[in-house]
> 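Quick one: this structure, given as structure tokens, is what I'll be asking you about.
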Amino acid sequence: MRTLGTKKHKFTAFTFSSTLTKPQIHVISKAITLNPIAVSKHFRFITYFSFCSSNTFPSISIPTNPIPIDLPNPRTFSILLNQRPKLSPLQQIHAQVVTQALSSDASLTASLIHCYLCAKNHPNARILFDHYPSPSPPIKLWNVMIRAYSKMQNSQEPIHLFLRMLTLDGPMQVVPDEYTFTFVITSCSHQISLIYGEIVHGMVVKSGFESNLYVGNSVINMYSVFARMEDARKVFNQMSERDVFSWTSLLGGYAKHGEMDRACELFDMMPVRNDVSWAVMISGFLGCGRYTEALTFFRNMLCDDRVNPNEAVLVCVLSACAHLGALDQGNWIHLYIDKIGIRQSSNISTALIDMYAKCGRIDCASRVFNGICKRDVLSFTSMISGLSYHGLGKDALRVFYQMLDENVMPNEITILGVLNGCSHSGLVEEGSSILANMESLWGIAPKIEHYGCYIDLLGRAGYLERALEVVKTMPMEPDIVIWRALLSASRIHHNVNLGEQIISHIGQLKSSDHHGGEVLLSNLYASLGRWERVTEMRKLMVDRRSESSPGCSWIEINGLVHEFRVADQLHPQIVEIRNKLNEILKRLSQIGYSANTMQVSFDLNEEEKEQAVAWHSEKLAIAFGLMSTEPGTLIRIVKNLRTCEDCHSALKAISQVYGREIVVRDRSRFHTFIEGDCSCKDFW
DNA sequence: CTAGGGTTAG
């Protein structure tokens, strides 16, 4: 027995007869962590050591032939390490490597580091690297480390390591190779450092590695990530050899930065396409809100028998269905997923839950959710959020507590979902207690978004003073979103005083922070009848080109999504639809419905205002729905903005007059209209 | 060694 380690940490090292026991392994690996050099020096002098038989490595099968297992050599270890052992056998192997004086074997060390990195980035990886016996780690080890760090987002470490490597001199000098450049440039595109990326690109050109396929691809990708498409294109054009990766990286650059037309062009030119190329296109359409085109591309992909949709593609198309409320197509994709038997991944389940919830089928969402064997934060979060915007706050809370019972830690989005559920169901006390305790219970400090939700909760429930108090006492400066939540609360409860107060607060914000507040502000002025300010706001909005996104509604009929915009002229059946709408409005007026023009922002006369609300996109969609479906069929509509008061009361009346159940999803929640009433109880 | 994905609020 000998003692080693620093004064602070004393460890007893053992002399071994045959195998290491668990406590011995523990002590040795602790010692390696704290003082690797002392440990390795110590173990080099242990003379007798016979390598263990298979019972030391219960989870690994040791090849018996032709490797001699009585006397371990580097090859024995490297075969063991290639089986990617878990942490505890790994530490045993590590201990053995050290005791066999093999610490300076470069490829063994590389394998050990690799395994430690796989084992949740265990700190021993870095320790092995930092304490590599002189003169300096070979390039292979640098590459392994740089790659490992480049896999973690937002780490500066790859660049730091690379810079450190370049400063080595004389006998220590290490020259970067094509692997180094590939990893470093990839890490520049993972984090936000275009400047380093450009510098390293310069070095690539100088070193002549630009012609290397892998290096070139990573440069193309780097410029594509930063939307520097001319540069990406230049590198692409100069490459002597290109593969699917080169094409798809460039494609992704255009697709992710909203240049879908260029992307389409490129996509048609590609000599080879694989599932990722299709995924890039589909997610590109998704990213810029062109959901119907995302689905069209998916259908085309299914016709191409050289490729099969992968998980990413399916997640994207489910999300497109969710945005459109395309239940029929979502259902079809669910069946397809079951048929091709993609293993029920967490991502797919989450996307399915989200799709069903947003298509108004919270029952199907629950069924998917209950069928998952191990639920994670994401599936819980999408279930909770789904229940929330269905106005089922109590159920959202129930699932949230179930999640805590199953020891799944919530993230900040989960909490937002729960708060939102409280907000739509008026659960003031529950919401207050979650906000007050979230930091101490789950270690999540409330961000401004959480306060936004909470203020919305108080405001909707009518506690306007309490909401204002929160705004004044919360630890951060209120932004436009916060004021908007208060503003819409004061509008719901017709509190003119508070509205004016808020307007003066908004006026004090820096003008750059105004973005997105103009619409609500001008709507409030409109409801107060202050037309001169409304006109002013409108002018301001046009000047800043921050015109609000136009109202848009979707309805799915026979598996096809129809899109309507305000005062739409584009739909092929628009004349019929308008006639139908006029007929509907006439029938509604017989039971006492009249246009509610409170929320029209323009200074128009009453008749003009009535016209303005009459052509709202959801009215066009409902007219189309009524004329294209059998009497009694449920109608589902999705709208991209909040439903206005006039459309809300019109829909209530329609559900009564036509005896239809109508489900509308607007920007903030679901409304189910049955026999003249809405599930939101007129709070939205 | 290199390319692609979802959940929230307003």
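Lettering of chains follows the sequences in order, A, B, ..., and the numbering in each one begins at 1.
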> What nucleic acid atoms does A:Thr186 come within less than 4.0 Å of, heavy atoms only: base, sugar-phosphate, or nothing?
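The residue A:Thr186 makes sugar-phosphate contact but no base contact.
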> Applying a 4.0 Å non-hydrogen cut-off, can you work out what A:Thr180 is touching in the nucleic acid: base, sugar-phosphate, or nothing?
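A:Thr180: no heavy atom of the nucleic acid under 4.0 Å.
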> NA contact type, A:Asp354, heavy-atom cut-off 4.0 Å: base, sugar-phosphate, or nothing?
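Here A:Asp354 touches the backbone only, sparing every base.
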> How many Å lie between CG on A:Asn640 and C1' on B:dG10, as a whole number?
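Checked: the CG to C1' distance equals 14 Å.
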> Compare the minimum distances between each of B:dC1, B:dT7, B:dT8 and the side chain of A:Leu416, then state the nucleotide with the smallest one.
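Nearest listed nucleotide: B:dT8.
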> Starting at CG of A:Leu435 and ending at C1' of B:dA9, how long is that distance when rounded to a whole Å?
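Value for this atom pair: 14 Å.
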> A:Arg667 CZ to B:dA9 C1': how many Å, rounded?
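In whole Å, B:dA9 C1' lies 9 Å from A:Arg667 CZ.
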> Specify the separation, in whole Å, of atom CZ of A:Phe369 and atom P of B:dT7.
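Atom CZ in A:Phe369 sits about 17 Å away from atom P in B:dT7.
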> From C-beta outward on A:Cys453, which listed nucleotide comes closest to its side chain: B:dT8, B:dA9, B:dG5?
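So the side chain of A:Cys453 is nearest to B:dA9.
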> Report the nucleotide, chosen from B:dG5, B:dC1, B:dT8, that has the shortest atom-to-atom distance to any side-chain atom of A:Lys256.
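Among the listed nucleotides, the one closest to the side chain of A:Lys256 is B:dG5.
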> Measuring centre to centre across the rings, with the benzene-like ring taken for any Trp, is A:Tyr356 within less than 6.0 Å of A:Phe369?
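So the answer is no for these two rings.
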> Using a strict heavy-atom distance below 4.0 Å, which residues from residues 371-390 of chain A are in contact with DNA chain B?
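Listed by number, they are A:Leu378, A:Thr381, A:Ser385, A:Tyr389.
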> Is the gap between the ring centers of A:Phe285 and A:Tyr291 under 6.0 Å?
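They do not qualify: ring centres at least 6.0 Å apart.
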> A:Ile482 CD1 to B:dG10 P: how many Å, rounded?
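Interatomic distance, CD1 of A:Ile482 to P of B:dG10: 11 Å.
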> Please determine whether a side-chain nitrogen or oxygen atom of A:Asn347 lies at a distance below 4.0 Å from atom OP1 or OP2 of B:dG5.
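No, A:Asn347 has no side-chain N/O under 4.0 Å of OP1/OP2 on B:dG5.
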> Taking the six-membered ring for Trp, are the ring centroids of A:Phe162 and A:Phe183 within less than 6.0 Å of each other?
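Between A:Phe183 and A:Phe162, which both carry aromatic rings, the centre distance is not below 6.0 Å.
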> Mind calculating the distance between OH (A:Tyr291) and C1' (B:dG5) to the nearest angstrom?
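Roughly 15 Å, once rounded to whole Å.
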> Once you apply a heavy-atom cut-off of 4.0 Å, does A:Lys358 come out as touching a base, just sugar-phosphate, or nothing?
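Contact class for A:Lys358: sugar-phosphate only.
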> Under 6.0 Å between the ring centres of A:Trp278 and A:Phe298?
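No.
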> Could you check if a side-chain atom of A:Met260 sits within less than 4.5 angstrom of a side-chain atom of A:Tyr254, using non-hydrogen atoms only?
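No - every pair of side-chain heavy atoms lies 4.5 Å or more apart.
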> Would you please indicate yes or no on a ring centroid separation below 6.0 angstrom for A:Tyr149 and A:Trp142?
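No, the ring of A:Trp142 stays outside the 6.0 Å limit from the ring of A:Tyr149, centre to centre.
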> Reckon A:Phe183 touches a base, only the sugar-phosphate, or nothing at all at heavy-atom distances under 4.0 Å?
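Sugar-phosphate, no base atom in range.
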> Looking only at side-chain N and O atoms, does A:Asn420 come under 4.0 Å of OP1 or OP2 in B:dA9?
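For A:Asn420, the contact criterion (side-chain N or O under 4.0 Å from OP1 or OP2 of B:dA9) is met.
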> With the threshold set at under 4.0 Å for non-hydrogen atoms, list the residues of residues 269-287 of chain A touching DNA chain B in residue-number order.
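Within this stretch, A:Asn274, A:Val276, A:Ala279, A:Val280, A:Ser283 sit under 4.0 Å of the strand.
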> Which whole-number value in Å describes the distance from A:Ile185 CD1 to B:dA3 P?
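Taking CD1 of A:Ile185 and P of B:dA3, I get 12 Å after rounding.
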> Starting at atom CG of A:Leu324, determine the distance to atom C1' of B:dG6, rounded to an integer number of angstrom.
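In whole Å, B:dG6 C1' and A:Leu324 CG are 16 Å from each other.
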> Does A:Phe181 have any ring-ring contact (aromatic ring centres under 6.0 Å, His included) partners at least two apart in sequence or in another chain, and if so, which?
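Only A:Phe209 meet the ring-ring contact (aromatic ring centres under 6.0 Å, His included) criterion with A:Phe181.
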